[in-house]
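Below is one structure, written out as structure tokens; the observations come after it.
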Number of protein chains: 2
Amino acid sequence: MDIPATGAWRPDMPTAQRRFHTVLGDGRIFALEGGGHLDQVTIAYETWGNLDDSVSNAVLVCHALTGDAHAAGPSGAGQPTDGWWNDLIGPGKAIDTDRFFVVCANVLGGCQGTTGPASPHPADGQPYGSRFPVVSVRDMVRTQAALADHLGIDTWLSIVGGSMGGMQVLEWAVMFPHRLRSMINIASAASASPLQIGWSQIGRLAIALDPGWRGGDYYDAAVGEGPHRGLMLARRLAQIHYRSDESLHMRFGRSTVDRLDTFALWDRFQVEGYLDHHGQKLARRFDANSYLILNKAMDLHDVGRGRGGVAAAVSRIRCRSLVLSVDSDMLYTPRQQEELVGLLRASNLEVDHETIRSAHGHDGFLIEFDQLEPLVGDFLDEQLKG
Amino acid sequence: MDIPATGAWRPDMPTAQRRFHTVLGDGRIFALEGGGHLDQVTIAYETWGNLDDSVSNAVLVCHALTGDAHAAGPSGAGQPTDGWWNDLIGPGKAIDTDRFFVVCANVLGGCQGTTGPASPHPADGQPYGSRFPVVSVRDMVRTQAALADHLGIDTWLSIVGGSMGGMQVLEWAVMFPHRLRSMINIASAASASPLQIGWSQIGRLAIALDPGWRGGDYYDAAVGEGPHRGLMLARRLAQIHYRSDESLHMRFGRSTVDRLDTFALWDRFQVEGYLDHHGQKLARRFDANSYLILNKAMDLHDVGRGRGGVAAAVSRIRCRSLVLSVDSDMLYTPRQQEELVGLLRASNLEVDHETIRSAHGHDGFLIEFDQLEPLVGDFLDEQLKG
């Protein structure tokens, strides 16, 4: 049934060969949209390529829920995974590091170097745990804007991201209309739908149901294992929604892990083994509290909140857009990108909307590089020329 | 966040005003398809209307996962819910109890009167709990066939059911081709898909993650609460899949239970409150072990298992069919009913396939009575005449 994760994520795992920047608000605290604050914020980021003299070739890449700053490059010491967009970022690739200066930062609330629930609280040096405040996508974007200041980048040539990354892209365009010349928004939404919120809630409750969660204060290894089983369960659920009925059907059918001779309650079909595998994989590299905080940030995502609605918010945007859908996406349904495109066009903005044909659902934006490469590459080429 | 269920289901809840029949296999044990056996099987059932002299007007209604024998009639003592198909079964309704003799039995493994995990084990009088064996849809159907023998019904005019009920309907048609003249199969499938199995696994693991589950042996109130939180979580997940992106979007949008002023981690959107409500409601009337056993039975559903595949199995069928899809069903996708219809037609069987137009997803078969009433009513009329 439920296999304990070995070598699960711990707060003392070595960090990658990243660069760090410490961000603070004007009042020396970083006040958050939801009412909380942080006394110190450190952002982990990576860069590729060189910033040109006119500071006109900078591209910001925003990562999705369980991504991190390591968008490109190999895995290695303290770097648990290969670059999550290796196929798209690199010399001669769509996001061409020979021509662009590419930046990717781990989001606020994450667990790969940027301040998050596992970071030490300045007051006592112990992990925040349950003390970590709710953050919003807007808070994430404000830390990225501070990083842009630090790097001397006033205006991005483009800001690019899918899923939760696309939420950041959109908030950038609304919060800082003159700081980006274009955006590429992939398989994302102007606001989280009740379907997404419902699934998200179930993942969060699965973590909270795990006795190892301890209300969020589980970092002391002496008190026991963390909520790995709950996190694995949340990931299994997400993993289904990243794929599609068709892709699971084609790949697994009704084949079984255990021989279907006699039936035991916890004997597994292949699809169950697949979900177990993805659950374990995440538990080895991700912090359950970050999962809670970032899922909540996504649920709260609504570009229209406090701005008189989505249409009024989108009317602030000034840049060109490329919006991409995946036709089989059941998590960020094409309805949501159509809504966004409609809002952009209603504001007389120039927007290209293309649909990736894929059996693989939401994960199409991490799989269908044959289609992504020319769409993203050509769009960025145009921005560089234009 | 997670509200404990008050007045949750207990094995000593009073049973409804049902009738009971004790089934035993030839060897005085009931041997199960999966290798286990039961020493005693009692079936709880209800009937409506009168069996005619020629025994030609009997209709069997098969219930879905959390349904029971109480398909029609009011709630009352020991009967926690109104009849789940009240709108379809009754005098003058589609399944007209003035003309048909209607039977509905609680499934094997259930918790509303038929032998299940909470029933006393004959050896020691204590609940089966973890000792309850895996059952299959075929096992359920064999208990229903024994009940039909007991009632003197050799041939059903029709067997009708949706979802897990449709799985039973199909197995009836394959296992006992000459014991039914027609079937109505609604929002169901020839076999469970990996998508359904994946979601089902997550629901089961949520129950197992609840410390109150205790490996399945939680019935003694003295040892603590049962796995209500885990069951509630499983139900929340199922409830989403019974609906659709569109219906949740239309009904809830992004409205909140708690005021969206400051953001707390466990503040809720309306859709979360809705899922909480459905979780609690189920925990008050359903046994978590039955939920595990019946979900496993559904995952194992494959009409082709041990019969040379689905096509060979379906070729055994002799009756007419009405197959119904719900266009927005994401759990039992129209693809699955199309597959079944294709198999039936390939066997030169007479089959009507109709699609219910609904925003409500899978639950359309419990909601769209304006469409169901004429489809089911006209089909049954024809069978009575023909």
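Throughout, a chain's letter reflects where its sequence line sits, starting with A, and its residues are numbered from 1.
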> With B:R235, which residues qualify under salt bridge (charged side-chain N to carboxylate O under 4.0 Å, His left out), at least two apart?
Replying inline: none
> Using non-hydrogen atoms only, which part of B:R305 is less than 4.5 Å away from chain A: side chain, backbone, both, or neither?
Replying inline: side chain
> How many angstroms lie between atom CG of A:L209 and atom CG of B:D210, to the nearest 0.5 angstrom?
Replying inline: 5.0 Å
> Counting heavy-atom pairs under 4.5 Å to chain A, which of B:S136, B:S244, B:G198, B:G35 comes out on top?
Replying inline: B:G198
>> I need the residue from B:P194, B:P211, B:S191 with the largest number of non-hydrogen atom pairs under 4.5 Å to chain A.
In response: B:P194
> Which residue out of B:V135, B:L233, B:T333 racks up the most heavy-atom pairs below 4.5 Å with chain A?
Replying inline: B:L233
>> Counting heavy-atom pairs under 4.5 Å with chain B, which one of A:E246, A:E272, A:K296 comes out on top?
In response: A:E272
> Non-hydrogen atoms of chain B under 4.5 Å away: do they reach the side chain of A:N295, the backbone, both or neither?
Replying inline: neither
>> Taking the side chain as everything from C-beta on, heavy atoms only, tell me whether B:V134 gets closer than 4.5 Å to A:T262.
In response: no
> Sub-3.5 Å donor-acceptor pair from the side chain of B:R254 to the main-chain atoms of A:D299, do we have one?
Replying inline: yes
>> Between B:E33 and chain A, with a heavy-atom cut-off of 4.5 Å, which part of the residue counts as in contact: side chain, backbone, both or neither?
In response: both
>> Between A:D267, A:D302, A:T256, who has the most heavy-atom pairs with chain B when the cutoff is under 4.5 Å?
In response: A:D302
>> Go through it in stages, so that I can follow the logic: the residues are A:D276 and B:Q201, the test is side-chain contact (heavy atoms from CB on, under 4.5 Å), and I'd like the CA-CA distance, side-chain angles, deciding distance and then a yes or no.
In response: CA-CA 10 Å; A:D276 291 347; B:Q201 181 204 32; 3.0 Å; yes
> What part of A:R204 gets closer than 4.5 Å to chain B, counting heavy atoms only: side chain, backbone, both or neither?
Replying inline: both
>> Shorter than 4.5 Å, heavy atoms on both sides: which option in A:D261, A:L32, A:L248, A:I293 has the most such pairs with chain B?
In response: A:L248
> Can you list the steps and then say if A:H241 with B:W199 is a side-chain contact (heavy atoms from CB on, under 4.5 Å)?
Replying inline: CA-CA 10 Å; A:H241 303 139; B:W199 279 330; 2.9 Å; yes
> In terms of heavy-atom pairs under 4.5 Å, which option from A:L275, A:L292, A:L237 contacts chain B the most?
Replying inline: A:L237
>> If the contact rule is any heavy atom under 4.5 Å from chain B, which residues of residues 306-314 of chain A qualify, in numerical order?
In response: none
>> Quick one about B:D245 and A:Q196 (side-chain donor to acceptor, distance below 3.5 Å, no hydrogens or angles considered), yes or no?
In response: no
>> With rounding to the nearest 0.5 angstrom, report the CE to CG distance, B:M232 to A:L205.
In response: 8.5 Å
> Counting heavy-atom pairs under 4.5 Å to chain A, which of B:A206, B:S255, B:S247 comes out on top?
Replying inline: B:A206
>> I'd like to verify something: which residue of B:G253, B:S200, B:G36, B:P133 has the highest number of heavy-atom pairs under 4.5 Å with chain A?
In response: B:G253
>> Rounded at 0.5 Å granularity, tell me how far CD1 in A:I197 sits from CZ in B:F252.
In response: 11.0 Å
> Is there a side-chain contact (heavy atoms from CB on, under 4.5 Å) between B:H249 and A:R335 once you walk through the steps?
Replying inline: CA-CA 11 Å; B:H249 183 64; A:R335 174 182 72 72; 3.3 Å; yes
>> Does any backbone or side-chain atom of A:A192 lie under 4.5 Å from a heavy atom of chain B? Answer side chain, backbone, both or neither.
In response: both
